Structures are given as C-alpha cells and as structure tokens.
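Down below is the structure, laid out as structure tokens.
Nothing here was measured: the structure is a model prediction, and the numbers come from that model.
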Amino acid sequence: QVQVQEYGGGLVQPGGSLRLSCQTFGNLSPLYFMGWARQAPGGQRDFVARITSLGRTNYTDSVKGRFTISRDGAENVVYLYMNNLKPEDTGVYYCNAGNERLSYWGKGTLVTVSS
C-alpha cells in the first residue's frame, strides 16, 4: 500500500521557474532513492534526476545547471527545483521512490512551458 504523489505542475513561461514536490505514503523501508522522470508529448519516459538517501545526485545532461533535486528523508519528500525552463521541458513529470528491491511511481504532474 505504497503511494507516490506529485504536486506543483502547471503552466510557466519560458525562462521561468517551477518547483515540483513528491511525497510517499505507506510503508516503504528502507527508502534508498527518490527521483524524477518525464515524458514529453510523443516521447518515452526519460530519466531526469535522482537523489539517494545519502544525498548523492544525478541529472540528465539537458537539465544540468538548471534543475536541482533535493530530498527530505524524514518526511519522505523530494523536490525538483526547475529554473530557466525551456519549451522542451514540457511533459508529464513522474516521481519514483524505492530501494534495491522495490520501486514505486506516481501518476505524474503536467508541466507546460509556453508563452
């Protein structure tokens, strides 16, 4: 009965900023990682960013320097701070959380970057 819920999607202009958040519900222990993937219109679900329980982060090249992922382990919450957004960042953003054996996904939140 583990659930993953994203928050914060919406419409933003190019060059703008947006913060996404994600929280897990239920019994998921240990929680080793949380992260984000996105699916652009007509595309596949692609990796965006991930953070481990020890704070190690990884980003896809296209968002490096613009996006920052952070995690609150005590609250099982992860954030994705998105800056200097581009139209190509548009897509459904999915949060995932898990450990070496189990991985759970949220239903996604839509981010639209358009003027």
Side-chain angles (χ1 to χ4, degrees):
Q1 274 62 44
V2 174
Q3 294 183 340
V4 181
Q5 180 67 57
E6 304 95 341
Y7 306 91
L11 175 65
V12 63
Q13 293 185 332
S17 300
L18 199 64
R19 187 192 78 172
L20 305 182
S21 61
C22 171
Q23 184 172 3
T24 65
F25 300 88
N27 187 9
L28 177 54
S29 181
L31 182 61
Y32 180 66
F33 69 84
M34 296 184 72
W36 296 90
R38 67 187 179 189
Q39 185 171 3
Q44 301 184 55
R45 186 180 300 189
D46 297 320
F47 166 80
V48 174
R50 178 172 288 191
I51 186 168
T52 73
S53 60
L54 296 178
R56 181 171 295 176
T57 60
N58 191 28
Y59 301 89
T60 191
D61 286 344
S62 63
V63 309
K64 288 180 178 178
R66 299 189 298 118
F67 290 12
T68 301
I69 187 170
S70 63
R71 189 184 66 84
D72 185 331
E75 298 182 11
N76 299 326
V77 173
V78 67
Y79 302 95
L80 186 67
Y81 297 88
M82 303 183 292
N83 302 122
N84 191 24
L85 283 160
K86 304 175 180 180
E88 50 263 45
D89 294 317
T90 293
V92 178
Y93 283 69
Y94 298 90
C95 178
N96 72 290
N99 52 45
E100 292 184 355
R101 296 186 60 83
L102 298 169
S103 181
Y104 299 89
W105 290 88
K107 298 299 182 182
T109 185
L110 178 63
V111 174
T112 302
V113 184
S114 176
S115 60

inquiry  = Check this for me: E88, atom CD, are more than 12 non-hydrogen atoms of other residues, nucleotides or ligands nearer than 6.0 Å?
reply    =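 Yes, enclosed.
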task = Start with the C-alpha distance between M82 and V12, add both sets of side-chain angles, then the distance that settles side chain to side chain contact (heavy atoms under 4.5 Å, CB included), and finish with yes or no.
result = CA-CA 11 Å; M82 303 183 292; V12 63; over 6 Å; no
message = For a 4.5 angstrom cut-off between non-hydrogen side-chain atoms, does Y104 reach L28?
response =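 SC-SC contact between Y104 and L28 confirmed.
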query = So do the side chains of F67 and L80 get within less than 4.5 Å of each other, counting heavy atoms only?
reply =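 In contact.
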ask   = Could you give the distance from OH (Y93) to CZ (R45), rounded to the nearest 0.5 Å?
value =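 The CZ atom of R45 is 13.5 Å from OH of Y93, to the nearest 0.5 Å.
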request  = Output the distance between atom CZ (R50) and atom CE (M34), rounded to the nearest 0.5 Å.
outcome  =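 Reported to 0.5 Å precision, the distance equals 11.0 Å.
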query = What pairs with S62 under side-chain contact (heavy atoms from CB on, under 4.5 Å), at least two apart in sequence or on another chain?
reply =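 By the side-chain contact (heavy atoms from CB on, under 4.5 Å) rule, S62 matches R38, T60.
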What about [X] and [Y], same hydrophobic cluster or not, with Ile/Leu/Val/Met/Phe/Trp/Tyr joined at side-chain heavy-atom distances under 4.5 Å?
X	Y	value
V63	L18	yes
W105	L110	yes
Y59	V111	yes
L20	I69	yes
V4	L31	yes

message = Which residue is it: V113, T112, T90? I am looking for the one with a side-chain contact (heavy atoms from CB on, under 4.5 Å) to L11.
response =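 With L11 as partner, V113, T112, T90 yield a single side-chain contact (heavy atoms from CB on, under 4.5 Å), made by T112.
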Which donor-acceptor pairs under 3.5 Å do side chains of residues 94-102 form with protein atoms, sequence neighbours excluded?
residue: N99; atom: OD1; partner: R101; partner atom: N; Å: 2.9
residue: N99; atom: OD1; partner: L102; partner atom: N; Å: 2.9
residue: N99; atom: ND2; partner: P30; partner atom: O; Å: 2.9

task = Using modelled atom types only, decide if a donor and an acceptor are shared between the side chain of Q13 and the backbone of S115 within a distance under 3.5 Å.
result =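 Not a single qualifying donor-acceptor pair exists.
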query = Do the side chain of R71 and the main chain of S53 share a donor and acceptor less than 3.5 angstrom apart?
reply =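 Here the side-chain-to-backbone pair exists.
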query = Between D61 and K64, is there a side-chain N and carboxylate O pair less than 4.0 Å apart?
reply =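 Looking at K64 together with D61, the answer is yes, because their closest N to O distance falls below 4.0 Å.
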message = If I compare all heavy atoms of W36 with all of S21, which pair ends up nearest, and what's the gap?
response =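 Looking at all heavy atoms of both residues, the closest pair is CH2-O, 3.5 Å.
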request  = Identify the two heavy atoms, one from N27 and one from V2, that lie closest to each other, and give their separation to 0.1 Å.
outcome  =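 Scanning both residues completely, I find the closest heavy atoms to be O-CG2, 3.2 Å.
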